[in-house]
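In this text the structure is predicted, and so the values were computed from the model without any measurement. Protein chains get the first letters and strands the later ones, always in sequence-line order, with residue 1 at the start of each.
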Amino acid sequence: MAKTQSITSASSAEYFSKNLQQVGFSSYTKAALTTLKEAVDNSLDACEEAGLLPEISVTIEKIGEGTAKNSDSIKIRIEDNGPGLEVEDIVKVFGEYLASSKFGRGRCSRGQQGIGISAVTTWAQLTSARGASVITKTEKMRKACQCVVEVDIKHNKGVLKSKEVIDWDRDHGLTCEFIIDARIQLQGEGGLLAYLSGTTLVNPHLTLRYKILEQDWVEVARVTDTIPEIPEATDPHPHTMKLGEFIAHSHLFGRVTIGAWLKKGFSRISDGVLTDLKKAGLKQSLLDTSVDTITEENFKNVFSALQKVNLMAPSTKSVLSIGETAMAKSIQRIGQVDFFAVVSRKPTICDFKPVLVEVAIARLIDRDMPEDGAVTLLRFANRVPLQFDKSACAMTKAAESVNWRSYGLNQPKDSLPLGPYIVAVSVVSPFIKFKNASKETVDASDELVEEIRRTLIQAGQRLSKHIRRESKEADLEKKRQHIEMFAPILVDGACRITRSPKNRRERALEGLAKLLGRDAALAEKELKVAIEHAEEAVMKMEQMTGILPEPPVVEEKPKKKGKG
Amino acid sequence: MAKTQSITSASSAEYFSKNLQQVGFSSYTKAALTTLKEAVDNSLDACEEAGLLPEISVTIEKIGEGTAKNSDSIKIRIEDNGPGLEVEDIVKVFGEYLASSKFGRGRCSRGQQGIGISAVTTWAQLTSARGASVITKTEKMRKACQCVVEVDIKHNKGVLKSKEVIDWDRDHGLTCEFIIDARIQLQGEGGLLAYLSGTTLVNPHLTLRYKILEQDWVEVARVTDTIPEIPEATDPHPHTMKLGEFIAHSHLFGRVTIGAWLKKGFSRISDGVLTDLKKAGLKQSLLDTSVDTITEENFKNVFSALQKVNLMAPSTKSVLSIGETAMAKSIQRIGQVDFFAVVSRKPTICDFKPVLVEVAIARLIDRDMPEDGAVTLLRFANRVPLQFDKSACAMTKAAESVNWRSYGLNQPKDSLPLGPYIVAVSVVSPFIKFKNASKETVDASDELVEEIRRTLIQAGQRLSKHIRRESKEADLEKKRQHIEMFAPILVDGACRITRSPKNRRERALEGLAKLLGRDAALAEKELKVAIEHAEEAVMKMEQMTGILPEPPVVEEKPKKKGKG
Amino acid sequence: MATDVNVKQLSVDMCERLLRDLEKARRPVFQATKCALDNCFYNPKVGYLTPGDKKVATELNVSSVQKMSRAIFMIELILRNLDVGATNTKRELYYISKGEIKHNPALRPLDFDDQDESDAIVDFICEMMECYREDLNCFANDRGGQTYSQQLMVMETMPDGTKATIDLSKLGTAPFQPKNRPQSLKLKAKKKIDFCLIVESEGTANTLVNSGFTKRHPVILLGAQGVPSNAVRGWTKLIQDELDVPCYFFGDLDAYTMQNIFRTLKAGSAASLIRNADFSAPEVKFLGVLPEDIKKYDLPDYAVRENDAVESRALKKARDALQNDPFFKDKKNKGVSDILRWLLQHKRRCEQQAFFSVNPRDPLMPEKIIIEKIKNKNFV
Amino acid sequence: MATDVNVKQLSVDMCERLLRDLEKARRPVFQATKCALDNCFYNPKVGYLTPGDKKVATELNVSSVQKMSRAIFMIELILRNLDVGATNTKRELYYISKGEIKHNPALRPLDFDDQDESDAIVDFICEMMECYREDLNCFANDRGGQTYSQQLMVMETMPDGTKATIDLSKLGTAPFQPKNRPQSLKLKAKKKIDFCLIVESEGTANTLVNSGFTKRHPVILLGAQGVPSNAVRGWTKLIQDELDVPCYFFGDLDAYTMQNIFRTLKAGSAASLIRNADFSAPEVKFLGVLPEDIKKYDLPDYAVRENDAVESRALKKARDALQNDPFFKDKKNKGVSDILRWLLQHKRRCEQQAFFSVNPRDPLMPEKIIIEKIKNKNFV
C-alpha cells in the first residue's frame, strides 16, 4: 500500500511532443504539408501585422532517405520579405509552445495559439536531430542573423544554437528551413499544390514562388496591392462569456463600480441595458459597488441578470474580408477561367460569434476536370486552406444543401454539384470553432451552415446568368441547323401527299424559311438579352474588380444552301 | 510597417481553458459525463497504484439553474477509499495542467497526461466560479483536510483556498466535489449509466455505489478481490523511437560507451545485435566511444543502422490483463445473462506497441433489447469506456468485419450483428493511439483491427456452441410438432387415394410414427451432442472462472396421442 | 357502326393547310383534342367518357420542325400501306423508315436512333388525326378476347369482298379470337343468348368453358386478360350493340380492377377519349366480386399491402378518382364508386377465384354462383 | 401420338408404395428424373434432349413430411378434377384448397399462406409423376400459336364423343388458336401444304397474313409469341408429325432467340426433359435472320449492349451452351452452334423485322425473301 509515485509537472512541450499526431503529424505526407503550411501561414501573418505586401519563396527538396523506415529526408525552406524577428523572439516563436503574439486576442489571424511552428521544430528535432534553421533581419538590424533553434522539451523553452551574423541583401525578412522525415504528395486534396494554390486564391496580395523537387520554379504574382487591414478585436460581449471569465475580466479594471465596469469593459452594454438590469431586479446599490469588493454570489447575480436581458449582437467589426474585387482577380490565378462569380457577404453573427463568409465560383477551361465529376470544393478558415476530413465540415454541408440544379448545374441528390468548377468558400472569424486540434473541419452549427448556404446561393444566382447565356447560344445554333435540315424535307413531304406542283413547293419553302427565320431571330434576340444580362453581371463585377473575363465568341455559321 | 506586437508566452492552462471542447466539454451533457469520468478514473488509478481494492461512491444532484442558458447547475461528488493525496499534491493534481504521476511513463493507467481533472476544475471555475472541493486523508494524516482548489489559468498553478482540518471516519481516501453547468443524460450510449456499467464491467475488483438525481442508491459489489497488478514499464525499444528521442535518451546515461548504452538503455539489444550492427558496417570504435562525446552525425549513423537490423519485437510485459475469470464474473453484473463467452488474448505487438485485447460477449435475458436491433458494443481503452464517435474506432471496425453469421447471429452486411447481446471489447496498451484529444476513438490501424478481430472471432466461436445448442432444441421441438400434425393427414390421404381399409391405416400410422420418431431420436441425439459441446465449453469456462451460468432447461413435451 | 377515320383525307387536308399557311408565311398550328382527365366529361345518357373543348396545339416552329417533318414522313409510309391494304407493327414501321432513309440520303436528318423515337411519332400522328393506331394499319399484338359460345355466329366481309361465317359452336375446344378491328364484323345469334360474361382472368374463363358453362347456358363467354385491349373493348361493344344482350364483368374486387379494367371496358379512358364512342360498352355491369359477396360466401380475402408500390398507387388513384373522375362522380355509377369507397375504407381485396373455395368439391359452384348472382340482380 | 400420362394410376401406385413402406416402418423414397443440363443427352437420331439416369430423391422424413402431406392432399383434389373432367388454373387450385381446409379443420396444418406455396406443390407433383401440369388438368393461360392457313383442317374429338372439324380457311381474318393440349387434335391438309412457318413475333405473323402470305402460298403460318408455350411446342410437333411438312422458324438473330426460343421449339429444354418427346419438333429449321443475311440484304443490326443485364446474361449462357449443352455440342446442329459462335464473336444482333427495311416500298419484300430463302435452302 505504498504510495510510490510523486506528482511531477510536465511542460506544454512535453505534452505536444507526445501528441504530434493531433497537430498535423499523423503521417509522413501530412508532416510535409503541415511544415509548409505553418511556415507560410506565419509569414503571411507577420507581413499583415507589419503592413507589408508578402513575397514568399518556397523550396522543397528531397535530400535522402529518412531516419525512419518508409520516409524520405526532406528539406523545406520558406523565405519571406516580412518584418523579420528579433533574435529573442525567434527563440520563442520557433522553440516554445504557446508563445505567440496572437494567443486569445480575438483577431482573424491564421495562427492563433503558438503551437504550429513549434511542433514543426519538434518534428524536425525528433526526426533529423536538428531544429529550425532561421535567418532573420529586421529593419533595425544592420546585418542578418542566422541561427538554429531547438525546443527544450523538458522546460518548453527555445534553445538558440550556432548563432552567426551574416550579410543578407534585403532590408528585412525571415527564412526558415527544416529537415524532416516526410513524404511528398503533390496532387490531390491533401497535396502540397492544393495548399499553395488555395493560399494564393484567398491571399490576392501574395506573390508566391515555389520550386518543389525536380519541377521548375513557379511564380504566382500578386493581383492586388492592397494589404488586408486586420481589424482590432472588440470588447467582449457578455453573452459569449462564461461566469468564470466574467469574474476574471473584472480583475483588469481595478477599483471601479460594477456599473462603470460593465459599460467600459464590454461591448453592447449601455445605460439602457443597466436600466433593464435594474428592471430585472438588480439593485442600484450593487451596480454602485466596486468590482474589487463584491462577493462571488453578487458576481453570479450580475452575470445571471445579464444573461437574461436582451443585448445587441456582438459587433462584427473584428472580422476581415478578402472582398469581391480581390477574389475575382485572385481566382484568375488558378487556371484558365471561363467565367466566375464571387460573393462577399456582410459580416454577421453566428452562435454569438462574428463571422464573414465569402464564396468564389469559377468554371475552368481545359483543365483535366471531367464534366461529370464533382466540383472542386476549396475550404478556407481564416484564409488557411483546410485539406482533410471535409465531409463533416460546415462548408461541405452547406454546399451539399444548395439546389444547384436551379442554377444550371448538374447535381446528384444531397451531394456536391458536378462539372469543371472550383467552388471556394472562405470563413473568417476571430473565433472559428474547429472540430479537433488539427484544425481541418469547421464545426457545422446550424447558424453557420445557413450563413454559408446563403452565400453559396447568391454566388449560384450570379453564376447562373453565365450558364444561361451559354445554353442560349447552343440553342440558337441548333435552331439554325434545324432550319437548314428540315425545311426541305417537310415541305417536300407535304407536297407529295397533296400532289402539289413545283411552284407551290418553292413558295412554301420561302414562307417556311421566313417563319423559322423569325424563330431564329427570336432566339437571337433572347440570346442578346441573355448576353446583356450576363454582361451586366460582368460589368457589375468589373466595377468591383477592375477585370473582365474574355467573353466567349459566338461564331456565325455561314448558311449553306441559301434557302434557310 | 511598425512591429506592434510582442511575443508573449501562454501557459498550458490558458491553452486548455480556451480549448475545453477538445477535452470533453463540447456540450453540457458531455460536461457532466467528463466530470464523472475523470474523477472516477483518477480514483481507480490511485487505488491500483496503492494496491487497494477500490470502493467508490458517486452522488449527482441538480441544485438549480445553470449560470448559462439551457444548462442546469449540477453537483457531482466522488468519494473513494484510495490512498488520499498530500495537500501539496492536491493542488497540483486538481489545479495544474500536465501535472501527473503518470505522464509518459508507458504504463497502462487510465489517465496519462494530467489534463482531465484539471479541465474539470477549470470548467467548474468558469461556470460556477468555484473550483474543486476536495477532502483528503492519507494514512499518515491524523485528520482529514478539506479545501478548495482552483486553477490559476495565467500561470498554470493550483491555488489552495479555504483549507480546513476536519474529522473523517476513515483511514484514507479522497472526496472531490464539483458544481458545474451541465445537463444530465442517463440513458443511451453517451449516458452516465453506460459509463458506470461499463466501468464496473472492466473493473471486476471495483465496488461502486451511486445515487443519481431522484433515483435510489445503487450498489454494484466487487466480484473479485484481486487487485490488478500494473506491470512496470519496460526499457524503450529502438524501433519505436524517433532519432531525436534516441539522442535525448542518451543524456540519461552519462559517460558510458555507445555499446553499453545500447544494451543497458534499450530492450531487445543484445550482444548479438551489436554483432549485427557491426556486420551492417558500424565500426567497433564507434561502439566504444562514450555517448557524451559522439557527434550528432554518428548518433544518426547508429540510429539508422539500428533501424535496419532485425530486432525482437518489444516486450509485452508492460500490458495489463483483466483476465477471462474476472471478466466472466464481471459480465454477470450487467444484467441477467443467458450465456456468455470471454476471451483474453495474449499480449502482442501492433504497430511496434504492446497491446492486449480482451472480449466478453453475453446474451441478456429479458432486457429491453429487441431481437433485431444491433448488439450493444462496449469499447474500453485502458479500462475506460469510450462512449462517442464509435464509427471510426478500431474496435467498431473489427466487430463489423467479423462474419457473425457463421456463429449463429444475424448480421446485415458490413455491420454489427443483431440481437440482445453485449459485446465488450477492451484494449489495453501503454501507448494507445487516440484519433483526437478527447480520447473517444482508437485509431484503426490495420494491425490493431486484425488483433481485435481475431479476439472477436475466438469469442464468437465460443459463443456459437451455446447458440447451436439453442437452435437444436428449437429444431427438435419443431420435428415433434411435425410428427403430431402431419402423420395422420398424410396417411389418411394415401389411404383414401388407395381406398385402403382401416387397419392398414393403423399399421401405416404406427410405421410412420416409428420412422419419424427415429428422426426425432436422431435430432435428440444431435441435441445431446450439442449440449455436450456447450457443456464442455461451460466447464472449460468454469475451470477458468469458477462460476457456471444456469443451463436453460430442456422441457420434455408430454407426447399427446401415444402414437408419435 | 364504327366511325371510320379517313386517314388519307385527313392527311391531305393537314398537308394542304400546312402548305397554305406556309405560302402565306403564316405559322401553321395543329390542334388535337386534349386527352386527359381534365378534359373528360361524362354524360350518363351516353354512358362513356367524352372529350371537352380543350385542345393541345402543336405549332410549327424551330423546336417542332423535326417532329413535324418526321410525322409527315411517317404519314407517307402509312398512306402507302393504306393504299395497298398493308399492315405493320410499330417495330416494322421503324425498320421500314430505316430502309426508306437508307435509300434516300436526303432524309438522313429524320433518322430514328431507336424504336422509341419512331413509336413516339406514330403516337403523335394518332393524336393529330384523333384516331387509333389500328386506323393507320399499325397493329398491336392480339391480346385477350378469346370467346366461346354455342349460339354466336360471326360474319366477316373480307377486303376482297368474300364473306366468312364462323359458327363458334363448331370450333371444338378452340375459341374465337377477335382481331384488333372487330368493328368490321357482324354478329348473329343462332338462338336467344341470355347474356355475355366477360371474365377478367383468361384462365378462369377457360375453366368455366371446360366445365361446360357454355354448353349448359346460352351465353357468350370471353376472357379479358387483364386491362382490356382495344380488340376486347371494341368486341364487347359490338356484342352489346349487335345482339342487345346484357353484359356482365366478372373480376377481382380491388381498386385496380375497378379503375383500370372495368371502368375502361364500360366507359373508356381519358387517354383514349377521342374514340371511347367506338370502344366502350356502357351497359356492362360489374357482377363481382362485390364487397357483400365476401361475407355472403365466406370468401378468403386479403389486406391490401400498403407498402406494395402497385397496390398503394391504385388506392391513391382511387381516392383521386372519387374526387375528380367524372365517371365515378356521376350518380349513375354510384354502385361502382361505393365499391371504391369500400375498398378505401376497408383496405381489403378479394380475387375472383375466391369463389372456387366456396364448395371445393363442386367444380360447378362458381358457375352456380354467377348464375345465381345474375338471377338475383346481384351486381352493380 | 402423345404419350398420355395416367395420373390416376400413378397416384394410386405412389400411395400404395408409400403405405407399404410405412407398414413395414421402411422409409419411403420417391424418385424423379433430374431435370437439369447435367442430366441431358442428345441423340441426333431422336433429335431432342432426353434424360439420363440421374434421379432426384425425396425421402419421407421429418423435414419433408409437410411437403409430402400437402402433395397427397393436392393429388386428391386433382384426382377429383380428373374424375369429372374439371380443369383449373393454379390460382383456382389454391382457392379450392383453401376452401377444402376451411371445411375440414383437421387439415389446418396443410394450409397455404399464399399461392406461391400451393404452386410449389403442384410443381412438385409434376416432378414426381414426370408429367406436365396440363396432365393434371391444371392449365396455364393460352399463349401464342395463333395459326393461319387456307389448307389446314383440324379435327377434334370432344370429351362427349362428338367431333368438331375446323377449316382454317373459313375463319375470316381470325386465327385458329390451339389450346394447351393440342396432341388430342388430328390434322388434315385439304391441298398439299408446302411448309409451316413459325414466326417469333406474333405481330409480324399477323402482318404477313394480312398482306396475303397464306393466300398466295399453300402454307401454315403461326406466331410463336416469344418463348414457345407448351401449346405452341405440342402444336408444332403435331404439324410436323401429322402433316410431314417442312417447318421453318423465322426469328431474331440473337443469343436469346437461339437458345431459349429456337432450341426449345426444336429439341425441348432441360427443365422439361421428361416430356420433350411430346413437345419438340426436331425437324424445324432456323430460317433466319442468319448472320450472312445482314450483309446480303444490308440489314440494320445492333451492337449487343453488354451492360444490359438480359443481353449479357444471354451471351454468357451462349458461351456455356457451346461447352456444355449436348444440343449445341452435337455436330448435327453445327449450323446453329456456328451462329452462336458468330454472335459471341461479333456481339451484334439483328431483329427479324429488319427485313422490312430491304425494300420499304414493297410490303411483300419480307415474304419474297422468306420464299427465296426457303427455295435456296438458305437456312440451318
Where the side chain of C:D135 meets the backbone of C:Y132, is there a donor-acceptor pair that is under 3.5 Å apart? yes
So for C:R20, is it side chain, backbone, both, or neither that comes closer than 4.5 Å to the heavy atoms of chain A? both
Highest number of heavy-atom pairs under 4.5 Å with chain A: which of C:K24, C:R108, C:E23, C:M14? C:E23
Looking only at heavy atoms, the pair that brings C:K237 and C:S280 closest together is CG-O, 3.4 Å
Which pair of non-hydrogen atoms, one from A:A399 and one from A:Q411, has the smallest distance, and what is that distance? O-NE2, 4.3 Å
Please look at C:L107 and chain A and tell me whether the side chain, the backbone, both or neither of the residue comes under 4.5 angstrom of a heavy atom of that chain. both
What part of C:L18 gets within 4.5 angstrom of chain A, counting heavy atoms only: side chain, backbone, both, or neither? side chain
To the closest 0.5 Å, what do you measure between CD1 (C:I274) and OG1 (C:T33)? 7.0 Å
